[in-house]
Amino acid sequence: MSTPLEQWVDSVARLTRPAKIMWCSGSEEEAARIQEQMIREGHTVPLNDKTYPNCHLHRSDPSDVARTEKVTFICTRDRENAGPTNNWMAPADAKNTLTPLFDGSMKGRTMYVIPYIMGPSASPQSRIGVELTDSAYVVANMRIMSRMGNVALARLGNSDDFVPGLHSLGDLSPDRRFIAHFPEEKLIWSIGSGYGGNALLGKKCFALRIASWMAHEQGWMAEHMLILGLEAPSGKVTYMAAAFPSACGKTNLAMMVSALENEGYRVWTIGDDISWMQIGPDGYLHAINPEAGFFGVAPGTNEKTNPNVMAALRKNTIFTNTALTTRNEPWWEGMDHNPPADMLDWQGRPWSSSSGPAAQANSRYTVPAVQTPSISPRWEDPGGVPISAFILGGRRARLAPLVYEATSWQHGVYIAATMASETTAATTGAVGVTRRDPMAMLPFCGYNMADYFGHWLEMGRNIPHPPKIFHVNWFRKGDDGKFLWPGYGENVRVLKWMLERIEGHAAATETPIGIVPTPDALTLDGLSVTRKTMEELLSVDPAAWTKEHADVGTFFQGFGERLPAELRDEHRRLGERLRRVPTGSK
Ligand code: GTP
Ligand code: SPV
Ligand code: MN
């Protein structure tokens, strides 16, 4: 008798017709063979084995360098269950469209079977997935990003309780690229891309789109959030989870080297992208990081902005679409001031300063989480860590103050549901366009977003000690177009204010949009930010917010009757508060 997993593998092999099937064990010897295979295929080179031991540079197809939201589908029987913010196809139509593309797509190639656990191996909150792929690069990445191989098979046994994900490179043509999710069956089909969130199916496809559906059904939360611990001088660690859209600073905040380390404040990393949370026996929301590695943005990463990750990625790391120096080392914009001479750019072509960026704007590193010096001793705690704060944020050149706090859970859900951010290179399409990105989940929510808002409201009613909700904006710019706030390690000053709010003793003033620190409430010792800049960073402009309020109204209309009444109420109340502010005041 074959197991449910074996039956599925057989049926996929009959469709895709690989020359060979390889079950991944997760062993070191297997990892070495996969690396050799990648090098033979010609898109991967080993890096300097003295300065970057066991590291590789992979160049993806130039048309395949970011997630492609346009061809990402939620395939529910009823279109309404996918909602107005997702692309939808009927499950049968999706299968009819994709089956011919998978037909024979692995001919002459190896099909890898990757059983994996999302979450610490010993955690009851963890879940199992299995990815079938014809990409050695995907295997090498999944090995870093998840607990992969025999450890997952042992946990699965003969059970059918796993999320199947079928992936094939196909012909890599953007016209024949589809990332299809079948949440009712908990199934994923992805073809035509070898890149990041399109191809590493444990990450956005399972841990967010399918998991958000499961979480809604089962009463937990799957969120696009980093998880960090803020240690205070007393030694007490307070855990926080933060939702920022793609390429808006999650990895950097999670691994920050605190500017207040001398005062005893430091940051511990639990996760940098995804958080699975359920209510613990102590009445707090408990978070686990479902991933085992970091798939981080390279450009802008350096010894000053993120020394922890710079230390981490000196071994066992895969670089994707960075430049290559003559010393066989990776390079990207913002790594240091002076680009080394005679580099190859991300496509392997000789680079000169007139030929544009050397590294692709969404170039990335894949690094095991344990290699990060700031990794929390509790990062694999089977029970997760108790969360005291949710932090929401995005890129807003104008409008949003450095930090503000919601007056209640319901008000916090309104702030989360109306978040907006300027788009980045993490997804294909225009960069720098402001769009609504509720909970930083716009591209990742596996069901109707109005129902998802309802789920947040419901969770708030059920959590005895819900996290306090804050909103931050590290990206506000002055009239000169420069960032007003120094960001990175200095962001700990804002976290410290949050901690004091949680403990109930930080100075703050109420504004129409929420609770803002007084300019003196933030610890600014050793920082060259003037009082005037600080006031600008914390200012709330009623006229600009009145425009924002109208824009949110239009956004909400898209959800029709399904939008929870609580959010309509919060929206009306914000309008009233804004109207009460005397015009011309700040
Ligand atoms: P995904 O992996 O796509 O989900 O991205 P992320 O949210 O983890 O973003 P990440 O931390 O990788 O940062 C993305 C970009 O924003 C990088 O180029 C960073 O250098 C930059 N960045 C991060 N934090 C700050 C900050 O506090 N201030 C400024 N100005 N830039 C920042
Ligand atoms: C993001 O875009 O939010 C990422 C990178 O974390 S990817 O894995 O491509 O989704
Ligand atoms: Mn992300």
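Just so you know, these numbers use all the heavy atoms, side chains as well, and skip hydrogens, waters and symmetry mates. In listed order, ligands and their atoms are each counted from 1. As the structure is a prediction and not an experimental result, all values here were calculated from the model.
- Residue, atom and distance of the protein heavy atom nearest to atom 1 (C) of ligand 2 are Lys204 NZ, 2.8 Å.
- The atoms of ligand 2 that sit less than 4.0 Å from any heavy atom of His224 are 3 (O).
- Its N, O or S atom nearest to the Mn ion (ligand 3) is what matters here, and for Asp273 that atom is OD1.
- By the criterion of a heavy-atom distance under 4.0 Å, neither the backbone nor the side chain of Trp485 is placed next to ligand 1.
- At least one N/O-N/O distance between Asn491 and ligand 1 falls below 3.5 Å.
- Checking only distances, Lys204 never comes within under 3.5 Å of ligand 1, N or O to N or O.
- Looking at ligand 1, you won't find any N or O of Trp474 less than 3.5 Å from one of its N or O atoms.
- Annotation for ligand 1: atoms under 4.0 Å from non-hydrogen atoms of Ala247 are 1 (P), 3 (O), 4 (O), 5 (O), 6 (P), 7 (O), 9 (O), 14 (C), 15 (C), 16 (O).
- With a 4.0 Å cut-off on non-hydrogen atoms, Ser246 touches ligand 1 through its backbone as well as its side chain.
- Taking the six-membered ring where tryptophan is involved, the planes of Phe178 and Phe73 are tilted, since the angle between them lies from 30° to 60°.
- Checking only distances, Ala426 never comes within under 3.5 Å of ligand 1, N or O to N or O.
- Under 4.0 Å is where a charged nitrogen must lie from a carboxylate oxygen, and between Asp541 and Arg398 no such pair does.
- Polar contact check, Gly197 against ligand 2: a nitrogen or oxygen pair lies under 3.5 Å apart.
- Heavy-atom distances between Lys250 and ligand 2 stay at or above 4.0 Å for every pair.
- The shortest N or O to N or O distance between Thr301 and ligand 1 is not below 3.5 Å.
- Using a 4.0 Å cut-off between a side-chain N of Lys or Arg and a carboxylate O of Asp or Glu, Lys250 and Glu291 do not qualify as a salt bridge.
- In summary, an N, O or S atom of Lys204 is located under 2.8 Å from the Mn ion (ligand 3).
- If you look at Phe483 next to ligand 1, the close heavy atoms, those under 4.0 Å, all belong to the side chain.
- Of all the heavy atoms of Arg364, the ones lying under 4.0 Å from any atom of ligand 1 belong exclusively to the side chain.
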